[in-house]
Amino acid sequence: MTAPARRRVLQGLAAASLAPAALLPAGARPADPVPIARRLAANPLLAPFLGVDDRSGERFTAELQTIGRWPDELRGRFYRNGPALFERGGQRYHHWFDGDGMVQQFTLAGGRISHRGRLVQTAKLKAEREAGRFLYSALGTAIEGGPPITGPDSLNVANTNALEHGGRLLAMWEGGSAYALDPSGLDTRGPVAWRADLAGLPFSAHPKVDGEGQLWNIGTLGKHLMVWQVGADGQLRRFQLGESPYPGGMVHDMAVTGRYVVVPLPPVKLDFSQPPGDGPRRFALEPGQPLRVLVMDKADIQRRRVFELPAQMVFHIANAHEEADGTVVLSYIGAPDAWFLDRGAVALMAGEMASAGAVQMQVARLDMTNGRSRVEALPGEVEFPRIDPRRIGLDRGDAARWVLCGAAWNKTPGREGALLHGVQLLHLPSGRVQRYDYGPQAIAEEHVLVPKPGRSGELDAWVLGTHFDAARQATVLNLLDAADISAGPVAQAVLPYVLPLGFHGNFSAA
Ligand SMILES: [Fe+2]
C-alpha cells in the first residue's frame, strides 16, 4: 500500500467510525458510575466484573495450588486476554468490551503451574494513566474533552485475544494494531508494524494459524477489507486489500480453508448517535439486511463470492472447510439479534448478571458453483467455539468434526439468565454432545483443545480452560480429557485471586 493510500484509509476510518465522542449528541453524558461493589454482596458471580487498576502487575503473580495430577508432558504457556480495567478517575465504563486489556499467562512445567497477569501498556492506557482519567470514548461509553483521535490505535485497548506466534506474544483487538508483548515477562513492546507502510492498519483479533504455522488474519476499515498472511517466522508474507460488501459493518471473526478465507458480515453497524445504557438501542440488526458471508480466494481476494444468509448476529466461527464437491461448510455461533452486544454487555458492567443471549451453533453449506446456501441450527446455548488446532485450514476428510464450546443449559432458579457454566464437545455430523457442568456458582470461560504429544486423533487432546468459582471467589484453571470431558477435570489449579473474565486465548507448547 502506498503512503498516500494508507493515509486515505486511515482518514476514512477516523471520519467514519472512530470518532464516537464527536458524534454523540451534545449533553449526552453517561450516567453516574454504578456501585457494582454493592451489588456483589447480592450476587457473588459478579466479582470478575469489578476490574483491576494500574497496580495489577504487582498483585497478579502466583505459584498456584494444584489439585489432581497435571501431566508432565503438558508443558507450555496458556494465554488469555480480556477487558480488565473498567474504572479511572471515578468513571466506570458502561460496556464490557470497553475495558483495557489484560493478558493472563499460565506457565505449565512438569506439574508446576504459575500465573502472571499484566495490563497491556497501550498508548491509550499510558495516556489515560498520566491524565488520571479516561480520555477516549469507547464502544459503549462517551468520554468528552479528550485529545483528537489520530487513527485506530488511539482507541486500541488490546483486549480480545492473545497468541504466541513467530517469536512474539500478540495482544489483539478488533480495530487496530496487534500489540507485541515479551512472552517471558509480559512487558509490552509496542504495536506491531508488519511493514512500515502498513503501520496502524487494523489487524483483527481472531487470526487463524494453519498446520504449517502460517497465520491468516483480516482487518476492516470503513469500506476496506484487508487480508494478512504472516509466515511461521513472524514475517509478513503478503498483504491484500479489497472492499467490503457491507462497508462499516461489524466484523469480528474469520476462518480459513485450504483455498479460501471466509468472513461473516453480520448486518450490524455501530450507531453512535444514541447514548449507551437503558436508552434506545445502539446496536441492532439492520432491517432488511442479510448475514453476508464472504468467501475469498487466498491467492487473490478479488476472486470471491458473497453469500446472503438469513439475518443473524455472529461473533464467532467454529470452522470452515471444503467438501469433495467444492461446497464450503461453515460452522459458527449465530443469534437472532444483537442483544448481547446491545444490552447484555452493558448489564454486566452495571452489576446485573446477563446470559450470552440466544446463541446457537449454526452450520451453513455454501455452494461455490451457484451461490446458494443452506443453514441448519443445532440445539444448545453455546459460545467461544474452538477446534483441534492441527486441523485449521484442512479440508474434506481431514477437516475438524468436533467443536469445543462454552455452554449453558442449567436454567434452574438462581442460574437462569446467567453466563456459561460448562463446556461441551459437539460432534458436528451427528449432533452428539458430551459436556461437563462446573455448577451453579461458576462462570465458564473459553476452553481450548491442546493436542497430546505424538498423538493425531481429533480427541487425542486435553481441554484446558478457566472458570470463575463464585463459592471460592477464585479463578480456577482446569484440565479435562477430550476423550471424556463429562468425567470432569483430571487436574485443577486454584488462583489466590479473581481474574477479570477474558474473551480468548491460546496455548503455546514449550
Ligand atoms: Fe471474539
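Counting starts at 1 for both ligands and their atoms, in listed order.
- Applying the side-chain hydrogen bond (donor to acceptor under 3.5 Å, both in side chains) criterion to Asp54, with sequence neighbours excluded, gives Arg88.
- Taking the side-chain hydrogen bond (donor to acceptor under 3.5 Å, both in side chains) definition, one finds that Asp182 meets it with Ser184, sequence neighbours left out.
- A donor-acceptor pair is defined here as one N or O able to donate and one able to accept, closer than 3.5 Å; no such pair exists between the side chain of Glu458 and the backbone of Asp388.
- Remark: Asn156 pairs with Asp153 by the side-chain hydrogen bond (donor to acceptor under 3.5 Å, both in side chains) rule, at least two apart or across chains.
- Relative ring orientation between Phe97 and Phe315 is described as perpendicular, the plane-to-plane angle rising above 60° on a 0-90° scale split at 30° and 60°.
- Here the Fe ion (ligand 1) has protein N, O or S atoms under 2.8 Å from it, and they come to 4.
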Quiz item: Can Arg432 and Trp402 be said to form a side-chain contact (heavy atoms from CB on, under 4.5 Å), step by step?
Solution: CA-CA 9 Å; Arg432 191 154 49 94; Trp402 288 90; 3.9 Å; yes
